[in-house]
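Written below as structure tokens is the structure these notes are about.
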Amino acid sequence: LTPAGLPGDREVEAGFEYAVDVLKRLIAIPTVSPQGEHYEEAAELLARELESLGFSVDVIRVREDYQRSKCRVASENPRFIVYGRLEAATPTLHFNGHYDVVPGGPGWTVTEPFKPVIKDGKLYGRGAVDMKGGIAAVLGAFKAMREAGAQPPLTLEAAFVPDEEIGGECGTGYLVNEVGVRPDYVVLPEPSGLEAPWKGHRGILWLRVKVKGRTAHASTPWLGRNAFLMAAQLALSLQDYIASAYSSRRSRYRIDPEDARMPTAMIGGVAGVPGEGKANQVPGEFVFTIDRRLIPEENVESARRELASAIRWIAVKLGFSQDDYSVEEVISAEPAINEPGELYEALREAASQAGRAVGEPTICPGGLDMWYYTTKGSKALAYGPSYHLAHAPDEHIDLEELRFLVKTFALLPFTLARLAPRGS
Ligand SMILES: [Zn+2]
């Protein structure tokens, strides 16, 4: 016997069909960060859909002065956050999805990145799993609930945000820290895979190191100081330091893959002579980046201090003066860890009713927007589709997985309302 108003198979099917349609329309809008050229269009679409599902919706434009000072990687294009709310009893269950995507990139074989296509039960396009697919699943779940005429048993919220791929300061960071949103429970339908949710993620610290030498004509190199060779020395010594300093550290949490339980730092993702450089000129400047990932036991401040002192120490050893180099921070995001308790139990129960067993939560090896919520006391989980070629050519979502997520998210408010402490 289904309780009155609980979404059944017919409603879930309507929600699923709606989710597929919304997902196709979303993928067709190239919301690439950091450019953010089509953010307004995507925000308008999402706001319209939420309104049609009975939510009261605010489209929040990030203040310009905030954007300039906090989101240095972002372009000048305005940032929009879609925040919808369907008021009912406490507590509040909040879904967060980022609508920005990484660039389309080359190498696609099934379709072009922003021309969604369904083939063999899979929907292809940039953002299909990371994470417009998750957003579509949430909207599909709301649709299923509405079709069933279900009064939500708790307050539902949706936040659709930009800029997660560049650290989230102008998306989730703004919503939590400036607007002051404080939900009790947060679900981020990021591509965790359906086997188990994530209850945390690694952090990120992204630095840009500039090495300064002296330009000279290539025919008389002794008159210059080759900034490329200086940077190469610095980078190699730093790599040795990283290998020895981090190898003994290991998170006590389960992170898949196993090697991601160690902190990592990758050097040289961006590297080169500023401008173009010339083959017949001794390079007077050379820039390279460091991408440092933090395990949940670490924090940005200590990682920052540690790297700065390692670089200083290596520079002294190499005979560099203080003016020979500078280190600039590009983005940072804290790692997250939390104990989601009844939120996990409720998810497990909803997923089981939708036909799948869900395992114990693990930690995401990459970075997510979860930490903005958990540092303010929300209980949070990330749970979404398989990671089919996210950030790569031929990204796609399995439509059976999308259907399962629609059903799970449509049932979650009911299982959570039963398990959550009253008045929390
Ligand atoms: Zn993502």
Side-chain angles (χ1 to χ4, degrees), residues 19 22-23 26-27 29-36 39 42-43 46 71 73-74 79 81-82 94-105 113-114 123-139 158-176 186-194 196-204 206 255-256 260 291 293 331-336 361-374 380-398 401-402 405 409:
V22 170
L23 180 51
L26 263 181
I27 289 174
I29 306 173
T31 46
V32 176
S33 60
Q35 293 85 347
Y39 280 0
L46 291 163
C71 317
V73 187
R79 269 48 191 164
I81 296 162
V82 180
H94 176 105
F95 289 93
N96 171 296
H98 66 85
Y99 63 76
D100 63 314
V101 294
V102 296
F114 302 108
L123 202 168
Y124 288 82
R126 173 59 76 232
V129 288
D130 190 10
M131 62 175 294
K132 290 174 172 174
I135 291 175
V138 170
L139 290 170
F160 300 134
V161 300
D163 284 3
E164 189 272 348
E165 298 289 358
I166 53 170
E169 283 291 349
C170 275
T172 304
Y174 191 83
L175 183 69
V176 172
V186 179
V187 172
L188 304 102
E190 289 268 16
S192 62
L194 301 179
W198 288 319
K199 64 173 181 180
H201 55 78
R202 300 208 300 172
I204 178 168
W206 186 7
I255 309 180
D256 199 23
D291 180 316
R293 298 299 170 119
I331 51 177
S332 69
E334 296 287 351
T362 65
I363 309 292
C364 173
L368 303 172
D369 274 354
M370 189 190 289
W371 70 279
Y372 290 110
Y373 295 106
T374 53
L381 277 177
Y383 185 68
S386 304
Y387 199 80
H388 285 306
L389 301 169
H391 293 210
D394 292 338
E395 178 177 354
H396 61 274
I397 187 167
D398 187 317
E401 294 197 358
L402 182 60
L405 286 167
F409 293 155

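Each ligand, and each atom within it, is numbered from 1 in the order the structure gives.
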- Under the side chain to side chain contact (heavy atoms under 4.5 Å, CB included) test, which residues partner Pro197, sequence neighbours left out? Tyr344, Leu347, Val358, Pro361, Leu381, Tyr383
- For the atom pair NZ (Lys132) and OG1 (Thr31), what is the distance rounded to the nearest 0.5 Å? 3.0 Å
- Message: For the CG atom of Leu175 and the NE2 atom of His94, what is their distance to the nearest 0.5 Å?
- Response: 5.5 Å
- Message: Is it true that Ser386 and Asp398 share a donor-acceptor pair across their side chains at a distance under 3.5 Å?
- Response: no
- Starting from the Zn ion (ligand 1), look over the N/O/S atoms of Asp130 and name the nearest one. OD1
- Message: Which atom name would you report as the N, O or S atom of Glu190 nearest the Zn ion (ligand 1)?
- Response: OE1
- Message: Please give the atom name: the N, O or S atom of His98 nearest to the Zn ion (ligand 1).
- Response: NE2
